[in-house]
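Reviewing the structure listed below.
Starting from 1, each residue takes its place in the sequence as its number. Since we're looking at a predicted model, the values are computed, not measured.
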Amino acid sequence: MLFNLNEFLMSVSFALDFVEMDVLGVPSNHGKRVAYIALKVGQYLGLSSKELHDIVSLAILHDNGVSEKNLYNNLMCKEEINLNEVEVAKKHCIIGEENIINYPFLTDVKNIIKYHHEKYDGSGFFKLKGDEIPIMAQIIQFANDMEMNNNFKSDKKEEIISFIKERENVSFSHKISRAFIEIARDEKFWININNESINNIIKKKHQVIA
């Protein structure tokens with residue numbers, strides 16, 4: 001039986017969509033929008049074709065640990081858990097890293113999922129700072145932060161630029177924020193990021209760079 005890895009990844013992305021809508025309260029297509037932003041930033045920064053393939057996969061899978069942690073919490077009684085929000089979020093990074101250990105990536109992606117919530121100024125869960133954070137983890141953190149905190153409509157462009165500038169060299173590097181500002185000049189970016197069929201855009205680009 002033939003196994004299409006790209007089709008499998010898209011199927012997983014839809015499953016994670018439902019989990020994230022239920023657990024995190026985020027809109028649908030969150031993972032795919034994160035993947036698209038990460039892809040565009042990665043292209044601008046000159047990642048190789050194999051790295052671009054992997055960053056799309058990683059971005060789609062970045063919150064795969066949320067569902068497992070949520071299930072664990074539901075099974076445990078409240079008195080036994082007593083975890084604050086930050087600890088739960090940190091744990092989902094560790095679980096997510098463990099879950100993808102056997103996924104057939106094309107490059108070395110060790111600790112990308114684990115460190116995808118690290119902040120450039122060292123205030124993240126694991127206290128990594130600056131270039132101690134793997135570049136793909138930096139890009140996914142940026143894409144996730146952008147997607148979670150912004151309404152990606154073209155008339156919100158100036159608000160989004162202000163959002164980036166406020167967090168530059170705090171949440172993410174000057175290099176990454178400048179890359180996105182350049183990408184945002186292209187109207188096609190805004191059309192694609194708001195496309196309800198963004199899964200088809202991601203799937204097409206993922207196959208091309210595979």
Side-chain angles (χ1 to χ4, degrees), residues 1-17 19-20 28-67 92-118 128 131 133-148 152 172-173 175-180 182-184 186 188-210:
M1 182 181 73
L2 293 176
F3 183 79
N4 188 311
L5 191 59
N6 285 328
E7 292 293 344
F8 169 76
L9 187 67
M10 286 299 111
S11 298
V12 170
S13 76
F14 283 110
L16 287 173
D17 264 352
V19 171
E20 290 175 322
S28 63
N29 289 326
H30 167 66
K32 290 183 279 292
R33 283 193 292 270
V34 171
Y36 183 72
I37 296 167
L39 172 64
K40 299 304 290 183
V41 172
Q43 287 176 326
Y44 187 89
L45 294 179
L47 267 60
S48 70
S49 60
K50 289 183 178 180
E51 288 171 327
L52 292 172
H53 178 274
D54 284 350
I55 205 167
V56 169
S57 301
L58 288 161
I60 287 173
L61 297 169
H62 75 277
D63 273 339
N64 79 82
V66 170
S67 59
H92 98 264
C93 296
I94 296 169
I95 292 172
E97 178 74 22
E98 293 170 349
N99 285 345
I100 56 97
I101 194 168
N102 291 318
Y103 191 90
F105 295 102
L106 303 180
T107 63
D108 181 5
V109 299
K110 184 179 180 181
N111 291 329
I112 304 301
I113 297 290
K114 182 178 179 180
Y115 295 144
H116 81 271
H117 275 295
E118 292 306 279
L128 297 188
D131 290 337
I133 310 165
I135 186 62
M136 283 198 277
Q138 290 188 47
I139 294 171
I140 292 172
Q141 187 278 331
F142 170 82
N144 185 58
D145 197 10
M146 289 289 294
E147 210 288 314
M148 290 285 283
F152 275 93
F172 33 78
S173 71
K175 177 172 66 175
I176 289 176
S177 64
R178 293 298 109 179
F180 181 83
E182 289 301 314
I183 292 161
D186 185 356
K188 189 175 180 180
F189 168 83
W190 301 95
I191 293 170
N192 286 341
I193 200 72
N194 286 293
N195 193 327
E196 287 300 315
S197 297
I198 193 171
N199 59 296
N200 292 328
I201 296 168
I202 290 293
K203 184 162 64 173
K204 182 178 180 181
K205 291 183 178 295
H206 199 248
Q207 288 171 335
V208 168
I209 59 182

Exercise for the section: Could you pull out the closest heavy-atom pair between Tyr115 and Pro134, with the gap in Å? Expected result: CD1-CD, 3.9 Å
Problem - pair Ile113-Glu98: side-chain heavy atoms closer than 4.5 Å - result: no
Exercise for the section: State the CD1-CD1 distance between Ile37 and Ile193, to the nearest 0.5 angstrom. Expected result: 4.0 Å
Practice task
Answer whether the closest heavy-atom distance between the side chains of Gln138 and Val41 falls below 4.5 Å.
Solution key: no
Exercise for the section: Could you tell me whether the side chain of Val34 reaches within less than 4.5 Å of the side chain of Met146, counting heavy atoms only? Expected result: no
Practice task
Starting at CG of Asn64, measure out to CD1 of Ile100 and round the result to the nearest 0.5 Å.
Solution key: 7.5 Å
Exercise for the section: Check the pair Glu51 / Leu106 against side chain to side chain contact (heavy atoms under 4.5 Å, CB included), numbers first and verdict last. Expected result: CA-CA 7 Å; Glu51 288 171 327; Leu106 303 180; over 6 Å; no
Practice task
Supply the atom-to-atom distance Arg178 CZ to Ser173 OG, rounded to the nearest 0.5 angstrom.
Solution key: 10.5 Å
Exercise for the section: Give the minimum heavy-atom separation between Ala35 and Ile60, together with the two atoms involved. Expected result: CB-CG1, 3.8 Å
Practice task
Measure from the ring center of His92 to the ring center of His62 and say whether it is less than 6.0 Å.
Solution key: no
Exercise for the section: Keeping the roles fixed (side chain from Asn192, backbone from Phe189), state whether a donor-acceptor pair exists under 3.5 Å. Expected result: no
Completion exercise
Correct closest heavy-atom pair for Glu97 and Ile112 would be OE1-N, 3.7 Å
Practice task
Could you pull out the closest heavy-atom pair between Tyr36 and Lys188, with the gap in Å?
Solution key: OH-O, 4.3 Å
Fill in the blank from the handout: Nearest heavy-atom approach of Ala38 to Ala59 is CB-CB, 4.3 Å
Problem - Side-chain donor-acceptor pair present, His30, Asn144, cut-off under 3.5 Å - result: yes
Handout entry: Spacing of CG belonging to Asn111 relative to CD1 belonging to Ile94, to within rounding of 0.5 Å
Key = 10.5 Å
Problem - Spacing of Gln141 atom CD and His117 atom NE2 [to the nearest 0.5 Å] - result: 8.0 Å
Handout entry: Close side-chain approach of Lys50 to Asp54, heavy-atom, < 4.5 Å
Key = no
Practice task
Measure the spacing between NZ of Lys114 and SG of Cys93 and express it to the nearest 0.5 Å.
Solution key: 10.0 Å
Exercise for the section: Taking the side chain as every heavy atom from C-beta outward, state whether Phe105 and Leu58 have any atom pair closer than 4.5 Å. Expected result: yes
Exercise for the section: For Glu118 and Leu128, work out which heavy atoms get closest and say how close. Expected result: OE1-N, 3.0 Å
